[in-house]
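So the structure is just underneath, and the comments pick up after that.
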Amino acid sequence: MEKAAIRYLLLLKRSVKTGASLWATALMVLFVAVFAFVRPPEKEGTRVLLYGSDETAQEIIRELEKSGSAFSFEEAPDREYLEEAVRSSEAECGFVFDDEFGKKCREGDTEESIIFVTSPFTVKGNVASETVFASLLKRYSELMLKRESERIFEEPEEAYALVAEKNALYSDSDYIFKLEYTGAEESDSTDREKTSEQENRRLPVHALTALFLFMLCLFDQEENKFSFGKGRLFGGGFFLLKNLAALTIPAAAALILNRLLEPEVPWGAEFALLALLLLLCPLWARLPGLLFRRQEGFLCLTILLLLFSFVLTPVFWNPAGYLPALSKLGCILPNGLYVYLLGLTL
């Protein structure tokens with residue numbers, strides 16, 4: 001045991017000296033930090049930001065804030081805040097009104113009067129834009145009726161009052177379309193869906209750090225197989241210690257990231273499952289070396305495993321939300337089993 005400990009410390013020193021573990025750790029920390037603060041909007045995200053200094057724009061913003069829409073409309077303090085909130089997915093999308101928005105509406109020139117701020121991740125931006133433009137059309141129709149009344153009628157003031165009354169009747173009531181609402185009974189599958197959701201809770205930071213550790217172990221095993229493994233000087237125990245030494249510093253960094261960004265995981269489960277992951281990764285990483293003797297085949301299988309892991313483990317998306325069986329299939333890989341067991345501890 002003492003001999004194994006000394007050999008482990010020497011391999012750890014070698015790993016630090018070559019810089020491979022340090023570079024891998026720095027890359028993992030950088031990638032996780034970016035991922036943790038810039039995430040795609042959740043399914044229930046309905047926050048929409050509005051900004052405009054013009055009086056007419058302010059009227060539309062007030063109307064949208066008080067509307068009973070499915071979206072939560074809020075006024076942004078400035079355009080920079082709006083764009084940053086959309087970029088970081090704190091808001092689903094945003095709308096910036098031109099500084100001369102009211103003047104353009106009165107003159108009938110509404111082209112490029114509103115800037116729609118969105119991101120590639122938005123799933124409800126187009127629906128929100130319909131709500132905004134419906135409110136805009138209501139306000140624009142009032143201005144248009146007032147402008148055209150002065151051209152058409154001999155007594156525009158009296159005519160406009162009548163036309164505005166009819167316009168309000170048609171736009172603010174069910175005079176044209178009458179809707180009848182009926183309640184739908186809840187499906188028997190509601191409880192099953194809730195259970196499935198609980199079993200497949202996402203821990204994206206844990207999943208991402210586990211993927212990095214598995215990837216690092218695979219590439220370290222490639223060195224074992226095609227550099228150290230060319231001779232028979234070293235045995236299987238040596239390679240296991242070498243894998244563990246290569247994973248030590250990245251695993252310590254992963255533990256810190258996990259506790260800082262996703263502290264809801266119990267401490268006991270955190271340490272126990274991380275230890276299990278560090279044991280399974282070296283054992284699993286030996287499989288490509290057993291199947292392929294050529295380095296090209298080993299690297300191709302390694303890339304395939306990483307793609308398989310991206311698809312089946314809930315890092316950037318949760319596959320179990322579309323097909324629950326995928327959550328079990330991902331347990332084939334050590335990082336998939338790690339994430340699945342973590343979800344059961346919550």
Side-chain angles (χ1 to χ4, degrees), residues 25-105 110-137 139-140 201-209 211-212 253-254 256-264 310 314-318 321:
T25 302
L27 181 62
M28 180 180 66
V29 172
L30 177 62
F31 198 90
V32 171
V34 173
F35 175 76
F37 293 104
V38 181
R39 296 184 183 179
E42 302 294 335
K43 292 181 179 179
E44 59 271 13
T46 57
R47 187 178 182 225
V48 178
L49 294 179
L50 308 164
Y51 174 72
S53 58
D54 180 82
E55 182 179 352
T56 304
Q58 284 289 312
E59 293 177 3
I60 294 177
I61 292 174
R62 299 285 88 79
E63 181 178 342
L64 288 169
E65 287 179 330
K66 297 177 182 179
S67 66
S69 170
F71 294 94
S72 175
F73 290 99
E74 300 178 21
E75 183 178 8
D78 51 55
R79 179 171 176 173
E80 289 73 19
Y81 173 85
L82 183 149
E83 292 177 347
E84 180 59 30
V86 174
R87 185 181 300 111
S88 62
S89 297
E90 294 180 9
E92 185 75 20
C93 58
F95 297 84
V96 179
F97 295 84
D98 189 88
D99 292 338
E100 297 183 347
F101 178 76
K103 179 181 178 182
K104 288 186 175 182
C105 286
T110 57
E111 185 176 357
E112 298 182 357
S113 59
I114 299 179
I115 298 176
F116 178 38
V117 182
T118 184
S119 73
F121 300 109
T122 183
V123 293
K124 301 176 183 177
N126 292 332
V127 180
S129 65
E130 293 179 3
T131 305
V132 173
F133 291 135
S135 179
L136 169 62
L137 181 60
R139 179 58 177 163
Y140 181 67
R201 290 178 180 174
R202 291 185 58 197
L203 291 168
V205 173
H206 282 76
L208 189 56
T209 55
L211 179 60
F212 262 95
I256 296 174
L257 290 172
N258 292 341
R259 297 311 306 175
L260 289 177
L261 300 177
E262 290 175 350
E264 61 268 27
F310 266 113
V315 181
F316 299 101
W317 69 304
N318 189 3

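By convention here, the first residue in the shown sequence is residue 1. The figures here come from the full heavy-atom set of this structure, side chains too, leaving out hydrogens, waters and symmetry mates. If you're wondering where the values come from, they're calculated on a predicted model, not measured in any experiment.
Between Thr209 and Ala254, the shortest heavy-atom distance links the atoms CB-CB, 3.7 Å. What you find for Gly94 and Leu82 is that their closest heavy atoms are CA-CD2, 3.9 Å. When all heavy atoms of Leu49 and Ala85 are compared, the closest pair comes out as CD1-CB, 3.5 Å. Closest non-hydrogen pair, Phe73 versus Glu65, comes out as O-CG, 3.5 Å.
Here the SG atom belonging to Cys93 is positioned 7.0 Å from the CZ atom belonging to Phe71, to the nearest 0.5 angstrom. In this structure, Leu208 CG and Asn258 CG are separated by 9.5 Å, a value rounded to the nearest 0.5 Å. Taking OG from Ser72 and CG from Leu64, the interatomic distance works out to 11.5 Å, rounded to the nearest 0.5 Å.
Applying the side chain to side chain contact (heavy atoms under 4.5 Å, CB included) criterion to Asp99, with sequence neighbours excluded, gives Ser53. Residues forming a salt bridge (Lys or Arg N to Asp or Glu O under 4.0 Å) with Asp98 (at least two apart in sequence, or on another chain): Lys104. Residues satisfying the side chain to side chain contact (heavy atoms under 4.5 Å, CB included) test with Leu260, not counting sequence neighbours, are Ile256. Here Ala57 pairs with Asp54, Phe97, Phe101 under the side chain to side chain contact (heavy atoms under 4.5 Å, CB included) rule; sequence neighbours left out. The ring-ring contact (aromatic ring centres under 6.0 Å, His included) test applied to Phe116 returns Phe95, not counting sequence neighbours. Applying the side chain to side chain contact (heavy atoms under 4.5 Å, CB included) criterion to Glu84, with sequence neighbours excluded, gives Arg87, Ser88. Under the side chain to side chain donor-acceptor pair (under 3.5 Å) criterion, Glu75 pairs with Gln58, Arg62, not counting sequence neighbours.
Atom CD of Glu80 is surrounded by more than 12 heavy atoms from other residues, nucleotides or ligands within 6.0 Å.
Counting heavy atoms from C-beta outward, Phe31 and Phe212 have side chains that approach closer than 4.5 Å. The shortest distance between side-chain heavy atoms of Glu92 and Thr118 does not fall below 4.5 Å.
Between the Glu262 side chain and the His206 main chain, a donor and an acceptor come within less than 3.5 Å of each other.
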Run Glu63 and Glu59 through side-chain contact (heavy atoms from CB on, under 4.5 Å) and show every step you take. CA-CA 6 Å; Glu63 181 178 342; Glu59 293 177 3; over 6 Å; no

Working for side-chain contact (heavy atoms from CB on, under 4.5 Å), residues Thr56 and Lys103: CA-CA 9 Å; Thr56 304; Lys103 179 181 178 182; over 6 Å; no

